[in-house]
Number of protein chains: 2
Amino acid sequence: MIDSPEYLKKRAFFDSLLTIYGRKPVLEALEDPDLPVHKLHLAESNRKDALISRIEALAKERALEIAWWDRKGLSRISKNTRQDQGVALDLALPKYGRAETYLQEHQGNNYQLLALDGITNPQNLGMIIRSACAGGMDGIILPQKGCAQIDPLVIKASVGTLFKTRILRCERLAPTLKAFAKDGAKVCGLSSHARDTLADMDSDRATVFVLGNETHGVSEATAAACTHSLRIPMHNDVESLNVAVTAALISFRNRL
Amino acid sequence: MIDSPEYLKKRAFFDSLLTIYGRKPVLEALEDPDLPVHKLHLAESNRKDALISRIEALAKERALEIAWWDRKGLSRISKNTRQDQGVALDLALPKYGRAETYLQEHQGNNYQLLALDGITNPQNLGMIIRSACAGGMDGIILPQKGCAQIDPLVIKASVGTLFKTRILRCERLAPTLKAFAKDGAKVCGLSSHARDTLADMDSDRATVFVLGNETHGVSEATAAACTHSLRIPMHNDVESLNVAVTAALISFRNRL
């Protein structure tokens, strides 16, 4: 049965897997006892330096399964040959999942989400995660197309908050936003040209705030999927804010 | 007479001079017709490439005084031999001045200022300026000791807002903050350990918000000069925010 409780549980588990890579990020993740780890992947060709020894020791200590691969096999796991340094780690993050599943489970709820469109700078992605987490947003929709993905730089820039934040994956943003709008959510694209401001927004209804690329703003396809357009009112004829700052202002609105 | 109107006017003018350097930043400044420029400084040894030719042409177009120097003389102007690329430019910014002078002229007013303590990352300084400008803060106190200074990286990160923002120089922060406190201003150090939150703050009184170093927070000497301590309430046990994000939340509070 494709939607037996057992199957759904298994799928939810696999959806929660996030593979990180690189010696330093993997070591830091293993050193955090609160992080649920699933499996460690190592290249057989790794020279045993201090970091690798420490990673292996920690894996043993935590009774973690280790899979050994040739370089090619490890690349398939990390999906980043150039930066994986022969090491990858599957995390089983309860807050990491699929936007589609989240929507099914929260239909009609008053969720407040961010959605990212064309955010390609890992530093900004990390800062957005940090701000949204601190501001208490319910989650961040992160499409696989057109956005930076979770990598060591993002983890570093999130300063430990990535693992506390609900990250909702989807393939493309526009169809996902349409599904949320169909559920009755306000889908608000941030734009300096909008008439309405963030202050005009009441938060008693499910809302998805869509943040666009810093230079080009929200893409056309994404804008077409938005039900509202909002701006942040600015002084001194300033035209735009850093996207992570915008994320923070949204996340902390009505809370300061 | 040391405080004759003529002398004070002259001093105010010299206080408003900001020297920037580097070929690209100088060229960008010259291309902005709204920027009041004062004097261009060039090293005699400069090879005449496309950028230098364009800089000289723009200076001629604007009837700008050019001073020629040997390498050593130019270094004394730019105060950054390694990065000046043989080019420096004095801007005469009406919003650039001294904290002391600002205080004299705004005694008892309801000013809202940021003050920076140990902000060493130019990227963050530029983002702070951008956020404070957009949020309508009255100015930013920038001490010469312990903080990044205005340089090409900061100008770039401020995305054109540096020249619209009141930057108030001082030598050391602590004595300056004491002078503001003496004038009756609330001087609020941001600290995650504070009992009061930003929301507890009424804005009907002059306030200086002091932002500390990202890793170490507000220094001891600076904390001793603060009259209040404030925190931004955070969810998910997040301990800190990026300092530019904090600056934005302060600058936009009560405005969203």
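Letters go in sequence order (proteins before strands), and every chain restarts at 1. Because only heavy atoms are used, hydrogens play no part in the values below, and waters and symmetry mates are left out as well, while side chains stay in.
Within the 4.5 Å cutoff, side-chain heavy atoms of A/K95 are placed close to those of B/N236. With a 4.5 Å cut-off on side-chain heavy atoms, B/L198 and A/F252 do not count as touching.
With chain B as the partner, the residue from A/G160, A/A199, A/A248, A/C133 showing the most heavy-atom pairs under 4.5 Å is A/C133. The candidate with the highest count of non-hydrogen atom pairs below 4.5 Å against chain B, out of A/K164, A/M234, A/R130, A/E239, is A/R130. Across A/I250, A/N254, A/L249, the residue that shares the most heavy-atom pairs under 4.5 angstrom with chain B is A/L249.
Only the side chain of A/I232 comes within contact range of chain B, with heavy atoms under 4.5 Å apart. Both the backbone and the side chain of A/D237 come within contact range of chain B, each with at least one heavy atom under 4.5 Å from a heavy atom of that chain. For A/Q123, no part sits under 4.5 Å from any heavy atom of chain B, backbone or side chain. Interface residue A/S240: backbone and side-chain heavy atoms are both found under 4.5 Å from chain B. For A/T197, no part sits under 4.5 Å from any heavy atom of chain B, backbone or side chain.
Taking OG1 from B/T161 and NE2 from A/H235, the interatomic distance works out to 14.5 Å, rounded to the nearest 0.5 Å.
The two atoms that bring A/V245 and B/M127 nearest to each other are CG2-CE, 4.0 Å, heavy atoms only. Shortest non-hydrogen contact noted between A/L241 and B/S131 is CD2-CA, 4.2 Å.
The local environment of NZ in B/K186 is crowded, with over 12 non-hydrogen atoms from other residues, nucleotides or ligands closer than 6.0 Å. B/R205 CZ: more than 12 foreign heavy atoms inside a 6.0 Å radius.
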